[in-house]
Novice: 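Supplied in structure tokens, the structure appears directly below.
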Amino acid sequence: MKKHLLADILQSYREMGGINHLDRANLPSKQSIALLCEDLLHLLFPGFFSEEAVSSEEMPEAAMEIINKIARRMKREIAVSLRKDSVEDSIYKEEAATITDWFFQGIPDVRALLKTDVEAAFAGDPAARSLEEIVLAYPGLEAIAIQRTAHLLYRKDVPLIPRMMTEWAHSRTGIDIHPGARIGSHFFIDHGTGVVIGETCEIGNRVKLFHGVTLGARSFQKDEAGEIIKGIKRHPKVDDDVTIYPNGIILGGDTVIGARSTIGANVFLMKSIPPDTLLVRGEQIQQRMDKKSKKTKPTVTIKVSEDEIDFII
């Protein structure tokens with residue numbers, strides 16, 4: 001490599017300080033977190049992601065092996081994420097070990113929730129032929145599984161790692177669920193591509209989302225210095241038994257979707273709706289054209305029956 005090219009790059013390192021991490025403690029490894037997530041799927045769904053069949057007799061030994069493997073990696077990466085330059089490494093290692101032990105104590109509860117998620121997917125999708133198909137082939141379940149485990153670490157204020165875990169799932173599934181989101185049982189994301197769920201979302205039990213749904217922030221409050229205020233409620237609450245159809249956009253920390261409500265496709269909503277509401281878009285107008293002649297044929301108007309809806313936007 002030519003020396004003048006190296007000099008230019010080194011100069012950018014000196015000038016562009018915001019994207020350097022030099023002369024500091026190490027950061028968690030993206031490759032290590034990816035391997036951690038893969039191992040977690042083995043732990044959560046034993047026998048599904050192994051190349052060889054696992055018998056019931058072999059399960060105790062196999063489970064201990066994967067737990068030890070995850071624990072070693074997790075303790076190391078948590079210690080790295082916690083490290084501050086002024087404190088000895090031993091302090092971080094002790095805290096990382098405590099958090100890791102607590103994490104494994106939460107795995108049975110996570111598996112209990114994931115069982116309900118699989119059942120919800122099977123009940124909610126007529127194309128599903130078996131529970132095995134859902135575990136092996138449904139990206140929504142994989143995204144939910146990683147989010148539920150990352151949420152454990154998020155609750156312990158572990159820096160960086162929970163978000164890295166959910167972004168690993170995001171890159172594989174197209175589903176972006178922040179580790180801070182609180183999600184109830186029997187959660188089903190159908191298809192899933194493009195779903196976004198923000199950090200302070202609260203999702204009840206038996207909620208079903210379709211692809212393209214966004215549960216996001218309406219605006220960002222700023223302090224006197226003009227900086228965005230972190231840690232406040234920014235994202236909606238979705239109560240029990242709600243269904244949101246494709247490309248529904250629900251925004252705002254004060255927005256509540258009442259229980260048993262249905263949000264139609266392409267709805268844009270920034271205010272609360274009461275329970276038992278069917279919310280759909282109003283009248284749509286489309287034009288039909290002849291592609292060969294490029295002549296416009298009479299406009300086709302598609303109307304929604306107002307007798308069937310409680311609320312129209």
Side-chain angles (χ1 to χ4, degrees), residues 36-56 58-59 62-63 66-67 70 103-155 162 165-166 168-197 201-213 215 238-246 259-260 262:
L36 174 66
C37 290
E38 291 181 357
D39 288 340
L40 282 170
L41 291 176
H42 284 269
L43 180 66
L44 295 170
F45 304 103
F48 275 94
F49 295 94
S50 303
E51 293 184 3
E52 298 180 359
V54 179
S55 68
S56 299
E58 297 171 324
M59 180 49 59
I66 194 68
I67 287 170
I70 292 170
F103 174 86
F104 282 111
Q105 291 172 12
I107 290 298
D109 289 339
V110 168
R111 279 184 36 83
L113 284 171
L114 289 173
K115 183 175 184 293
T116 71
D117 298 332
V118 173
E119 292 168 349
F122 185 74
D125 186 358
R129 294 292 185 264
S130 67
L131 300 181
E132 289 80 5
E133 179 182 356
I134 291 161
V135 176
L136 290 171
Y138 279 45
L141 181 68
E142 184 172 306
I144 295 165
I146 294 301
Q147 194 277 341
R148 291 198 187 280
T149 52
H151 184 70
L152 293 175
L153 298 178
Y154 176 91
R155 287 167 55 189
M165 291 171 64
T166 55
W168 176 82
H170 180 194
S171 69
R172 286 165 59 95
T173 66
I175 298 168
D176 183 1
I177 314 177
H178 194 283
R182 294 162 53 188
I183 302 174
S185 69
H186 299 83
F187 184 48
F188 177 34
I189 301 176
D190 200 355
H191 305 296
T193 304
V195 166
V196 178
I197 301 174
C201 269
E202 300 173 63
I203 298 176
N205 300 321
R206 299 173 300 279
V207 170
K208 181 178 181 180
L209 308 181
F210 284 81
H211 51 281
V213 167
L215 302 177
V238 180
D239 283 338
D240 296 346
D241 301 294
V242 168
T243 298
I244 305 178
Y245 280 93
R260 301 172 301 281
T262 298

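Numbers here simply count residues along the sequence, with the first being 1.
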Novice: Give, for atom CG of Asp125 and atom CD of Glu133, the distance between the pair rounded to the nearest 0.5 Å.
Specialist: 8.0 Å
Novice: Using a 4.5 Å cut-off on heavy atoms from C-beta on, say whether the side chain of Cys37 contacts that of Glu142.
Specialist: no
Novice: How far does OH of Tyr138 sit from CZ of Phe122, to the nearest 0.5 angstrom?
Specialist: 9.0 Å
Novice: Report the distance from atom CG of Leu36 to atom CG of Leu41, rounding to the nearest 0.5 Å.
Specialist: 10.0 Å
Novice: Apply side chain to side chain contact (heavy atoms under 4.5 Å, CB included) to Phe187 and Gln147, showing your working.
Specialist: CA-CA 12 Å; Phe187 184 48; Gln147 194 277 341; over 6 Å; no
Novice: What's the shortest heavy-atom distance between Thr166 and Ala150, and which atoms?
Specialist: CG2-CB, 3.9 Å
Novice: Taking all non-hydrogen atoms of both residues into account, name the closest pair between Ser185 and Asn205 and its distance.
Specialist: N-OD1, 2.9 Å
Novice: Does a side-chain heavy-atom distance below 4.5 Å link Val238 with Leu209?
Specialist: no
Novice: Does Tyr245 reach the side chain of Thr262, with side-chain heavy atoms less than 4.5 Å apart?
Specialist: yes
Novice: Restricting to non-hydrogen atoms, name the atom on Gly184 and the atom on Arg148 that form the minimum distance, rounded to 0.1 Å.
Specialist: O-NH2, 2.7 Å
Novice: Shortest non-hydrogen contact from Phe210 to Thr243?
Specialist: CE1-CG2, 4.0 Å
Novice: Parallel under 30°, tilted from 30 to 60°, perpendicular over 60°: which one fits the rings of Tyr154 and His178?
Specialist: perpendicular
Novice: I'd like to check Met165 versus Leu153 (side-chain heavy atoms, cut-off strictly below 4.5 Å). Are they in contact?
Specialist: yes
Novice: Quick check: closest heavy atoms across Val207 and Asp239, and the distance to 0.1 Å?
Specialist: CG2-O, 3.5 Å
Novice: Starting at NZ of Lys115, measure out to CG of Leu131 and round the result to the nearest 0.5 Å.
Specialist: 8.5 Å
Novice: Output, in order, the C-alpha distance, side-chain angles, deciding distance and verdict of side chain to side chain contact (heavy atoms under 4.5 Å, CB included) for Ile177 and Ile183.
Specialist: CA-CA 10 Å; Ile177 314 177; Ile183 302 174; 4.0 Å; yes
Novice: Output the distance between atom NE2 (His211) and atom CD1 (Ile189), rounded to the nearest 0.5 Å.
Specialist: 12.5 Å
Novice: Apply side chain to side chain contact (heavy atoms under 4.5 Å, CB included) to the pair Ile146 and Thr173, showing each step before the final yes or no.
Specialist: CA-CA 11 Å; Ile146 294 301; Thr173 66; over 6 Å; no
Novice: Dump the intermediate steps for side chain to side chain contact (heavy atoms under 4.5 Å, CB included) on Phe104 and Ile70, then the final yes or no.
Specialist: CA-CA 10 Å; Phe104 282 111; Ile70 292 170; 3.6 Å; yes
Novice: Answer yes or no: are there more than 12 heavy-atom neighbours, outside Phe45 itself, under 6.0 Å from its atom CZ?
Specialist: yes
Novice: From Ile67 CD1 over to Asp39 CG, what is the distance, rounded to the nearest 0.5 angstrom?
Specialist: 11.5 Å
Novice: Strictly below 4.0 Å, N to O, side chains only: are Asp241 and Arg206 in salt-bridge contact?
Specialist: yes
Novice: Closest approach of Leu114 and Ala145, non-hydrogen atoms and distance?
Specialist: CD2-CA, 3.6 Å
Novice: Give a yes or no answer on whether the side chain of His170 reaches the backbone of Ile175 with a donor-acceptor pair at less than 3.5 Å.
Specialist: no
Novice: Hey, does Thr149 have a side-chain heavy atom less than 4.5 Å from the side chain of Ile107?
Specialist: yes
